[in-house]
Each structure stands twice: as C-alpha cells, then as structure tokens.
Novice: 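Input: one structure, supplied below.
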Amino acid sequence: MNARIVVGQGSCGLAAGAADVYSALAQLLDASAPATLGITGCIGLCYLEPIVDVYDAQGALHRCVRVKPEDAQRIVDAVRTQDYSLLGALLIEKEDEEFLTKQTRIALRHCGVIDPESIEDYIAHDGYQALEKVLKTMTPEQVIEEIKVSGLAGRGGAGFPTWFKWNAARSSAGEEKYLICNADEGDPGAFMDRAVLESDPHNLIEGMLIAAYAMGAQEAVVYVRAEYPLAIVRLTAAIDAAREHGYLGDHILGTDFSCSIRIKAGAGAFVCGEETALIESLEGSRGMPRLKPPFPAESGYWQKPSNINNVETFANVSWILLNGGTAFAAMGTENSKGTKVFAVTGKVRRGGLVEIPMGKTLRDVIFDIAGGIRDGREFKAVQLGGPSGGCVPAALLDTVIDYKNLSATGAIMGSGGMVVMDDTTCMVGIAKFFLEFTTKESCGKCVHCRIGTKRLSEILERIVSGNGREGDVELLEELCSSVKDGALCGLGQTAPNPILTTIRYFRNEYDAHIREKKCPAGQCKPLLTYAIDAEKCIGCGACARKCPVGAISGELKKPHSVDSEKCIRCGSCQSACRFGAVQVD
Amino acid sequence: MCECQKNKVDLMLLEPTLAEYAAVKGSLITILQHTQEIYGYIPTDAVYHIAERTGETPAKIMGVATFYSQFRFTAVGKYLILLCKGTACYVNGADRIAEAILDELGIRDGETTEDGLFSLSLVSCLGCCSLAPVMMINEKTYGSLTPDKVRQILRDLRKEAQQA
Ligand SMILES: Cc1cc2nc3c(=O)[nH]c(=O)nc-3n(C[C@H](O)[C@H](O)[C@H](O)COP(=O)(O)O)c2cc1C
Ligand code: SF4
Ligand code: SF4
Ligand code: SF4
Ligand code: FES
Ligand code: FES
C-alpha cells in the first residue's frame, strides 16, 4: 500500500494557509512518489491548522500540525525514507491528541477522516448503506419508529423530538410535501453545521433522503447561509455526484422512491434560522416569521406540509439506522439521548469542535477537553446558545449537559455554540453585544421586539459608558419580561436571555458600572483611568511618543504622568511601556 | 458623459439569470444574488428591469433586498473586507481590528475608501471562530488577526493593486 498524505481543507484550515501547504506538497510529489496526496475536511482541531495527516504504508497515522509550506520537504522525505521520526516537532503532541480521543463522534464521524469531494471515499466508509437498508427493507413507519427509539431530538436549538416532526408531516393530508434542511447556522460563534457541510456532505444528503422517505417528500431544499461559500461548493458537488451514482433523483437504487435535493443560499438575516421565516425566505420574500399554528408540518413551504431539521440532526440519522436506535439511546441522560457537537471558542487553550455524549459536564468540555483558559487567566463564564442563550458562571461548571439541566441555568443547549470568557470580558459588555445583535436582526414585525430590544441596548449602552442610573437593573428586568411576552417568534422571546443571565450571575458587575463607575473587567473605555506608577516608571518616554493626543508628559529619566482630561483611553501607552508602569483602573 | 449615463449599467448581463429564473416562483432572492454578483451591488436600473421581467413591483423587490444584509446599493471597492464581529471574534478583540482598519483606511462599516480600493462590511460569523478574530477579503480568509497584522495585510494589498 502506498502512503497517503492528506491536507485538512476546511474553512479554518484554508484560512490558516492549508492551500499553500497543499501546493508545496503537490510540487514535491511527482508520479513516481511513494505517496498520494489528498484532502479532508474539518478535523475539529481548528486551533492546530494547517494540519497534514500522513498515513504510512501500514495505514498508521502520523499527524502533523501547524504545518508551513516550507515543511513540505520534510514530510515528503519522511514518506520516502519511511523514517517518520523525521517529522519531529511537526507531530501532534499527546495533549492535543487527547482533544480528539476524549470525544465520541457520531455526527462528525467522517469529518477530517474522509475526502469530502469523493463519493467513493464516503461509500468506502459505510456510506449510503443505511439508505439502501431503509429503501429496500423498511417501511416509512419503521424508520420513524427507529428514530423514536433513538430519542434523537432536534439539534438546531429547540430540542424537539425528531420522530414526532417526521410523523406529523407524514400524517398531514396531501401528496406534495417538502423536506427542508436548516443550514443557516446563525449563532455568531458556532460552526458545527459548517463542519458537516464542508467535510461530510454525503452524510447530510443520506440523512435527508432517509427523512424524505419517512415523511413522504419528493423534494428537499438545503438553506445554507451566505457566509459559507465553501460549504455551498462542496454540497453542490456532492449532490451532483449522488445523482450520478443513483442515490438521488428518480427511482433511487431501483426502488419506487424518488427525491431531489437543491440548495438555496441565504442572504444574511439571523431571523431566517427560525423555521417559518426560513420558509418565507425560501419563497423569495422578506424573512418574517409566521404566526403558528398552522405549524409547517401542516402548512409550510408553499402552504404544503413541510418538515425542517437542522444539519446536525440529519448527520446522526444514517448512523442510527445502521447501528440501531437503541445504540444511540444508550448514550446520554434520561431526557437527552446521543451525542451533541459543540463549537468551543473564545479564551480556551484548544478551540475547535467537540462531540460528546450528553451527560458530560461543562467542566469536562471546557477544562478536560479544551484545556481550560489560555494565558493562565481565570475562567469567568461560558456563553451557551448564542443570542438566545445565556452566560453560565464558574460556580455552575459542574452542570450536566442535557436539555433540562442547561435550561435550568437560564441558558439553553442551543445549537452548540460555547464561547468561553475569562476575567477580561465585561459581562455588561457581552449583554450589550448580544442585544445590539438582536436589535439589528429583529425583523420588525412585533413592537416589543423591534423597539424593546432597541431600548434594552440603549440602557446597556448608558451603563457601559458610565451614565447608568440607580434602578437601571430593575428597569432592564421589567423590560425584558415584556419583550419576552410580547414577541411572536423565538428571536424576540429569547433576546432578553443574555441580559437576564448576566444580571442573575454577575449583578456585581452591573452595580460596579452603575454605582462606582468602574468596569471590573477593565474593558469599558469610558470607565477606565490610565495612570503611571512613579515607582516603576524609568522615564524612557516610549509611552509619550505613542500617545496619539499628547496626554503624557514628563522629563526624560523622570517619572511621567497622564493628563486624564486629555487621555482618550486608547491603551497605546500600556502596550508601549516595557516596565509595566502604566496602570489601568 | 452626463451623470445619468455614467450610472447606467449593462442590463443585458442579467439576461441569462432572468431567462432561467424570471418565471420560477420564489426566485427573487436568487435573482438579486446573481445581480449583485454581476454588478457588485444592486443598481436601481436592475431593480426596475427585474420588476418588469418578473411581474413583481419594484417596491416588493426593494423590500426584499433591503431586508437582507447581503445586498448593497452602492458600488464596492476592489477589495471587500468582511470583518467578523461574531461572539468569538468580539471576545478576542475584534473591536481593535475595526479600529486598526479605521486608522489605516479611514473607513467604517459600509464605507469605501476614496480611491475605490477598499470597502468594509461587518458580518456576524465566518465560521472560523477558532482563529478569531477573523476577516475575509474577496473570499480569502485571514485568521488570528492583530492590529499590526491587519495593517500589514492591507498595505500588501494596496501594493499589489498599485503594481497591477
Ligand atoms: C431566531 C431563531 C434562529 C434560529 N436559527 C437556527 C439556525 O441557525 N439553525 C437551526 O438549525 N435552527 C435554528 N433555529 C431553530 C429552528 O427554528 C428550528 O427549530 C430548527 O431548525 C428545527 O430543526 P431541529 O428540530 O432539527 O432542531 C432558530 C430559531 C430561532 C427562533
Ligand atoms: S419577535 Fe422579533 S424577530 Fe420575531 S417576529 Fe417579532 S419582531 Fe420579528
Ligand atoms: S491611553 Fe492613549 S490617550 Fe491615554 S495616555 Fe495612554 S496613549 Fe495617551
Ligand atoms: S514607557 Fe513606561 S517607563 Fe517609559 S516613560 Fe512611559 S510609563 Fe515610564
Ligand atoms: S477546518 Fe480544519 S480543523 Fe476545523
Ligand atoms: S465569531 Fe468570528 S468567525 Fe465566528
């Protein structure tokens, strides 16, 4: 067997320079080379990109990380001489390897393993076997039953039982039904779905076909967010390949089942992740949510029965049909079965994709797998569920991950975004960040959401700029509760969550901003004062040269000082000083 | 050339798109996406032309176009900077990157430099959150940005444009 060199080419790999690494390798590998060169998608070790996997002639993996184009020669030499010790420092460290070995991968099982552009590779990894089994040996009712046994619940946020939705769409009257995949992935800071789309598109297609068969749809649409160009390219190619191989189109695998899949690119609107808004958008209109009922299962896309599932939900389906619902249900907790993928980002040492069985704790994910906080700082909070979710503090790190327990914290499971924050993140600031987001993304249909989020943002703005008033926290709480009550869709109903959770767990930070006019995290500029510690200052003048407004004065070799009237709090002096003499309070 | 002539766009370029989608219901967003790909923005003339060919009113087309953040109504520079201001990027200092761009190019969200070289647009997440802060310039993604790194990238691009 030839050795294989595989370059990780997910979005973040490419951003880190994987394309240059690939061409450097391609130049060195001629036809006589003892190795083939290929690509794979997102391995999930995004912080180590670019990654090059070298499989030797025996099939053993030597994983090289943070590879630069100039390392290509070394890799090719190692392959030629079969002396893999040549790879030396390029090889992944044990700790980093454990980032993967501590995970249980179902939805992501092929990500970073197979070539996303090769249907043959997918087929060689048990691909399309579940579809064949379903179409040739199972009735739609049996498929729905298997999904029911598995306990699979929607991974897009709401966590609704998947079998129930399929069954409802199946039972609705009418011949024309639609299946829709929600690949809008709107939570800013989450990329689980992107990974599946880019790295294992056939798995999504197979899961969708099984769902279409179960619910009785002949047409399916994938709604992909516009910011994922690579995902669209790979999925388009995969759909074409599946059609050519007889897995898509008329009389799939020679059976009576026919189904087509097409892609629709979103156009940048968070609210279009909400299922009825998504349907409006698919129909070419402004993406404004509809009143429910009727639910999409009864009347959705073009008023026909429709079912919408998230990418990750579909990514579990073929595994469940191949391995049995019971095997899936064996993982997890009483109320949440199977695994969940999280995109762990922010101030962690190892950021990337983590798939774990439900029932692990937040601490397991953030500390054991992601390595805790980087730069030796302290954990402050983790934000779950994006703009609809909340911030969970250190005291709750042992919370067990399942739908029920996470909701009890005031946050939500959400789609799987996990943004970790250290002591330099201001909690009022993060609430303001999310409210500015929801203000901008509110579709404007309901007064409470449209104007309420705006007023909430304004109050938060006033607090972080030092003009907070006594009673502002109570005002926020009151307004939050009316926005929740007065909103039609999930966007407005959950928009107050980032405020409510930060008030609940970090009330002291609100009080510090309002009463003492201080930002404990040292982030809110108007509340900072820059001063020079005369003990530490040697009078080198470096800070004064950097100050854009001439706020620093002093004689050479004598302690300098800051004129706080002039200072615009840009922080340049602090980065300029090599003696740690500039202090921020 | 008079002002109105200068703003005229070649509507023939829209033909292939309209031939394929004008009669397909629910295709308005797709048509607008193609329009923006062709002209770099949504020209007013194109809106009227699409209205005529699809039977939608210009008001409905503008209503849809203005709802989605992807659509622009003025021409953009040679390099379109999509700077991420998603949660992971925010937590990792995206504000400082925006400041560096303002400092280097003098532009904010939605603005274009006077020489027509750079435009800046803030976006919500580019899906490369592990490399935060992140930006994308003409489909190429740059990660782990620092203010200095951004300045360097922008200077390199400017040099590249001047040489071309
Ligand atoms: C404002 C808002 C945004 C949403 N964004 C997404 C999203 O980006 N992706 C997603 O799969 N679901 C999103 N949802 C949830 C969907 O409405 C829907 O519940 C989900 O796609 C159903 O699929 P599932 O049952 O497989 O989870 C969003 C909901 C709301 C209210
Ligand atoms: S709650 Fe907000 S986003 Fe949802 S329909 Fe009402 S205005 Fe639109
Ligand atoms: S923070 Fe900026 S403006 Fe203030 S003293 Fe330092 S360099 Fe000058
Ligand atoms: S750079 Fe530091 S040591 Fe030098 S003058 Fe400024 S505060 Fe003093
Ligand atoms: S894209 Fe490479 S590991 Fe995520
Ligand atoms: S938050 Fe910036 S790339 Fe996701």
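Every chain is numbered from 1 and lettered A, B, ... according to where its sequence line falls, protein lines coming before strand lines. Note that the structure is predicted; figures quoted are calculated from it, not measured.
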Novice: May I ask you to check whether B:D148 and B:Q152 show a side-chain donor-acceptor distance below 3.5 Å?
Specialist: no

Novice: Which one of A:G351, A:G417, A:A15 has the most heavy-atom pairs closer than 4.5 Å to chain B?
Specialist: A:A15

Novice: Keeping A:N497 on the side-chain end and A:G390 on the backbone end, is there a donor-acceptor pair under 3.5 Å?
Specialist: no

Novice: Distance alone, cut at 3.5 Å: any donor-acceptor contact between the side chains of A:Y228 and A:E185?
Specialist: yes

Novice: Side chain, backbone, both or neither: which part of B:E56 has a heavy atom under 4.5 Å from chain A?
Specialist: neither

Novice: Who among A:P229, A:A16, A:G287 has the most heavy-atom pairs with chain B under 4.5 Å?
Specialist: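 Option with the top pair count is A:G287.
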
Novice: Could you check whether A:K445 pairs with A:E274 (Lys NZ or Arg NE/NH1/NH2 to Asp/Glu carboxylate O, under 4.0 Å)?
Specialist: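 No, this pair does not count.
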
Novice: Whether B:D115 and B:R158 form a salt bridge (side-chain N of Lys/Arg under 4.0 Å from carboxylate O of Asp/Glu) is what I want to check.
Specialist: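 Salt bridge flag = yes for B:D115 with B:R158.
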
Novice: Assess, by modelled atom type and distance only, whether the side chains of A:T424 and A:K347 contain a donor and an acceptor separated by less than 3.5 Å.
Specialist: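 On atom types as modelled, these side chains qualify, holding a pair under 3.5 Å.
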
Novice: Hey, which of A:S281, A:G17, A:A269 has the most heavy atom pairs under 4.5 Å with chain B?
Specialist: A:S281

Novice: Among A:G571, A:A265, A:G186, A:A226, which residue has the highest count of heavy-atom pairs closer than 4.5 Å to chain B?
Specialist: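 Top option by heavy-atom pairs under 4.5 Å: A:A265.
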
Novice: Ignoring hydrogens and geometry, is there a side-chain-to-backbone donor-acceptor pair from A:T501 to A:C391 under 3.5 Å?
Specialist: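 It does hold such a pair.
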
Novice: Check whether A:C272 gets within reach of chain B through its side chain, its backbone, both or neither, counting any heavy atom under 4.5 Å.
Specialist: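 Interface part for A:C272: side chain.
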
Novice: Looking at side-chain heavy atoms only, is the closest gap between B:D103 and B:R151 below 4.5 Å?
Specialist: yes

Novice: Give, as side chain, backbone, both or neither, the part of A:S285 having an atom under 4.5 angstrom from any heavy atom of chain B.
Specialist: both

Novice: Would B:R155 and B:E104 pass as an ion pair if we require N to O under 4.0 Å?
Specialist: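 Answer for the salt bridge query: yes.
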
Novice: Heavy-atom distances under 4.5 Å only: say whether B:K60 touches chain A with side chain, backbone, both or neither.
Specialist: side chain

Novice: Is it the backbone or the side chain of A:I430 that comes under 4.5 Å from a heavy atom of chain B, or both, or neither?
Specialist: both

Novice: Heavy-atom distances under 4.5 Å only: say whether B:T30 touches chain A with side chain, backbone, both or neither.
Specialist: side chain

Novice: Do A:Q383 and B:T87 pair up side chain to side chain, a donor and an acceptor below 3.5 Å, judged on atom types alone?
Specialist: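 Result is no, nothing qualifies.
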
Novice: Looking at A:K264, A:E227, A:R350, A:R286, which has the largest count of heavy-atom pairs under 4.5 Å with chain B?
Specialist: A:R286

Novice: What part of A:F434 lies closer than 4.5 angstrom to a heavy atom of chain B: side chain, backbone, both or neither?
Specialist: side chain

Novice: Taking every heavy-atom pair that is under 4.5 Å apart, which of A:V420, A:T345, A:D187 has the most such pairs with chain B?
Specialist: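 Most heavy-atom pairs under 4.5 Å with chain B: A:T345.
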
Novice: At a 4.5 Å cut-off on heavy atoms, which part of A:A190 comes close to chain B: side chain, backbone, both, or neither?
Specialist: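 For A:A190, the backbone is the part near chain B, not the side chain.
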
Novice: Who among B:A65, B:C129, B:A88, B:C128 has the most heavy-atom pairs with chain A under 4.5 Å?
Specialist: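 Ranked by heavy-atom pairs under 4.5 Å with chain A, first place is B:C129.
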
Novice: Determine whether more than 12 heavy atoms belonging to other residues, nucleotides or ligands lie under 6.0 Å from atom CD of B:E114.
Specialist: no

Novice: Check each atom of B:T66 against the heavy atoms of chain A and say whether the ones under 4.5 Å are side chain, backbone, both or neither.
Specialist: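 Looking at B:T66, just its side chain touches chain A.
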
Novice: By a 4.5 Å heavy-atom criterion (distance strictly below it), what part of B:Q36 contacts chain A: side chain, backbone, both, or neither?
Specialist: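 For B:Q36, neither part sits under 4.5 Å from chain A.
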
